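Per chain, numbering begins at 1; letters A, B, ... match sequence-line order. Computed from a predicted structure; not experimentally measured.
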Protein chains: 2
Amino acid sequence: MDTARRTQTYGHYCLMAQTLDVLGDRWTLLVVRDLVHGPRRFTDLADTLGGITPKTLTQRLRALEHEGIVAADREAGRREVRYRLTPAGQELVPVLEQLARWGLRNALRPPEPGEPTHPEHLLWALRLKLEDAGAALDPVRWLVRVAGESHVLGFDGERWTLTRGETSEPDVTVTATRTALAKFLTGPPSAREAEQPELTVTGGREAVRTMLDTIAVFPFGPGRAHRGSNVGA
Amino acid sequence: MDTARRTQTYGHYCLMAQTLDVLGDRWTLLVVRDLVHGPRRFTDLADTLGGITPKTLTQRLRALEHEGIVAADREAGRREVRYRLTPAGQELVPVLEQLARWGLRNALRPPEPGEPTHPEHLLWALRLKLEDAGAALDPVRWLVRVAGESHVLGFDGERWTLTRGETSEPDVTVTATRTALAKFLTGPPSAREAEQPELTVTGGREAVRTMLDTIAVFPFGPGRAHRGSNVGA
DNA sequence: CTGGATCCATGATGATACTG
DNA sequence: CAGTATCATCATGGATCCAG
């Protein structure tokens, strides 16, 4: 059974249609998105993708492999399969960012009560918003520890970066449960001043103040203007 | 019947998932794409979208209206309905361009024998490629007349633009059938030198030479490097 | 336990015809 | 022209099962 084939094509000779033939299937861009931060195993993906069924995930991964967007590292003797982005896959990052940028301004809504979240997704959105808002300050590193993972959100003097893992001597450390972090980041910025039950913030008073002020633009604060189109209407 | 509702949502609190909840359904971005060049009627859209069924097109348009991306102008006493992009819809242009830019380098394939094309789609891709390739020269206006429509592809000294309609005193005028234009633009640049059966190019020898040299980057010529991501891997 | 495959249910889309 | 109605098909969701 040719499980590596895409399901449908638009069948037009049209750049956008061809692009969406490759990227437009349900779940496809979310799979890419979760591979942006580094290699992932099948079950890791199934976890952060939430409701995807194994069948669909298999199908998307095979299609993405076939398109040269994803590569699977199958080490002999090991049952783990690590999926990662190829260079062509990495080139999708600006596409995801442009989509997310539009979404920040036009599609973002508050979370439903029991709606599942994943720290990595929240922090990725936060990073983009900081970038988009033109937030600039002295270089900083903020360490976020949650659900057994840790992430570092940092500014290097020019750009904001998000990396998995630890860092020595972070300016601020946030330790929280998933739920608490979600509440913290998706709630109104003013509520972040108060003590949170399952969330602790450590670091110098000055550094904490800076962080809270800086992330106050998330999620609904002002961004910078964007270059318009030059296609006539 | 709530035809304005989206069909499914990912049900995650995740920026990308929410964005794709709005934009990710099949046909949705192609509808937006065909509205980028200006208002269109239902049947115009059905035409350039090729295989879409009226039911699906209605559903997409209702959903896009509901999301504030498309507005419908229904003038009293007139049966025509003109769909156009709202400001939020216009903001999707950079998204489409980023997708197409990726597609130019990673998803573009030669046309299948009888695969339908539409001049506007070809010219849109050509414009993007010229922009992407950094093609620069003195300001020009190239008029393309095909299938009862006309389009002007121009360079204003800084950016490339594509507009519908005529222009006075174009530097070059290309008149062709749909098929001939598709063959001309999707074939190898070298083949554009020869006489084409159903395609005529008029204009000064110098100006024609410049056009042919400039569009030689389409579709597979070199582009400029793109800014990388700053998300750690 | 990971990395799937299989079976069935459902809902989205495709094809075609028809109407205010 | 701008859809609606009806039926067919196929992709996806949901659950379970299985091999290494």
Side-chain angles (χ1 to χ4, degrees), chain A residues 1-12 17 20-31 34-35 39-65 70-84 116, chain B residues 1-12 17 20-31 34-35 39-65 70-84 116:
Chain A
M1 184 169 49
D2 193 355
T3 175
R5 273 184 66 76
R6 258 174 280 119
T7 53
Q8 292 182 19
T9 71
Y10 289 106
H12 292 190
L20 292 174
D21 277 342
V22 175
L23 303 175
D25 282 342
R26 187 166 163 79
W27 294 110
T28 296
L29 283 177
L30 292 182
V31 171
D34 281 346
L35 289 174
R40 289 284 186 283
R41 299 174 303 174
F42 187 92
T43 42
D44 295 334
L45 290 170
D47 175 36
T48 56
L49 285 168
I52 197 171
T53 66
K55 176 177 178 177
T56 303
L57 180 53
T58 298
Q59 199 172 317
R60 290 303 178 274
L61 287 168
R62 295 290 172 275
L64 285 165
E65 276 187 81
V70 162
D73 297 325
R74 298 185 177 81
E75 297 178 30
R78 184 182 296 250
R79 33 197 175 171
E80 284 185 10
V81 182
R82 299 181 78 79
Y83 295 95
R84 59 180 169 81
Chain B
M1 184 167 47
D2 195 356
T3 177
R5 273 185 66 76
R6 257 175 279 120
T7 53
Q8 291 182 21
T9 70
Y10 289 106
H12 292 189
L20 293 174
D21 276 342
V22 175
L23 303 176
D25 281 342
R26 188 166 163 79
W27 295 108
T28 295
L29 283 177
L30 293 183
V31 172
D34 282 345
L35 290 174
R40 288 285 185 283
R41 297 174 303 175
F42 188 93
T43 43
D44 295 336
L45 291 169
D47 175 37
T48 56
L49 285 168
I52 198 171
T53 66
K55 176 178 177 177
T56 302
L57 180 54
T58 298
Q59 200 173 316
R60 291 301 178 276
L61 287 169
R62 295 291 172 275
L64 285 166
E65 276 188 80
V70 163
D73 296 326
R74 297 183 177 84
E75 297 178 33
R78 184 182 294 252
R79 10 183 347 128
E80 285 185 11
V81 181
R82 298 182 80 79
Y83 294 95
R84 58 180 169 81

Using 30° and 60° as the class boundaries, would you call the ring planes of A:Trp27 and B:Tyr10 parallel, tilted or perpendicular?
perpendicular

With a 3.5 Å distance limit and no angle check, can you tell me whether A:Thr28 reaches the backbone of A:Gly24 through a side-chain donor-acceptor pair?
no

Nearest to the A:Glu80 side chain among C:dG4, C:dT2, D:dG13, which nucleotide is it?
C:dT2

For D:dG3, does either OP1 or OP2 sit under 4.0 Å from a side-chain N or O belonging to B:Arg62?
yes

Among D:dC1, D:dG3, D:dT12, the nucleotide that comes nearest once only the side chain of A:Lys55 is considered
D:dT12

Can you tell which of C:dC7, D:dG3, C:dG14 lies closest to the side chain of B:Pro54?
D:dG3

Residue B:Arg74, side-chain heavy atoms: nucleotide from C:dG4, D:dT12, D:dG3 that is nearest
D:dG3

So if I take every side-chain heavy atom of B:Thr43 and compare against C:dT2, D:dC1, C:dG11, which nucleotide ends up nearest?
D:dC1

Looking at D:dG13, D:dG3, D:dT12, which one has an atom nearest to any side-chain atom of A:Thr53?
D:dG13

For DNA chain D, whose closest nucleotide is more 5', that of A:Arg26 or that of A:Arg79?
A:Arg26

Residue-phosphate contact under 4.0 Å: B:Tyr10 side-chain N/O, D:dG13 OP1/OP2
no

Name the closest nucleotide to the A:Thr58 side chain, picking from C:dA5, C:dT2, D:dG3.
C:dA5

Proximity to the side chain of A:Arg41 - top-ranked nucleotide from D:dG3, C:dA15, C:dG3:
C:dG3

If only side-chain N and O atoms of B:Thr56 are considered, is one of them under 4.0 Å from the OP1 or OP2 phosphate oxygen of C:dG14?
yes

Do other residues, nucleotides or ligands put more than 12 heavy atoms under 6.0 Å from A:Arg74 CZ?
yes

Tell me, do B:Arg40 and B:Arg82 make a side-chain contact under 4.5 Å, heavy atoms counted?
no

Is the shortest side-chain N/O distance from A:Gln59 to OP1 or OP2 of D:dT12 below 4.0 Å?
yes

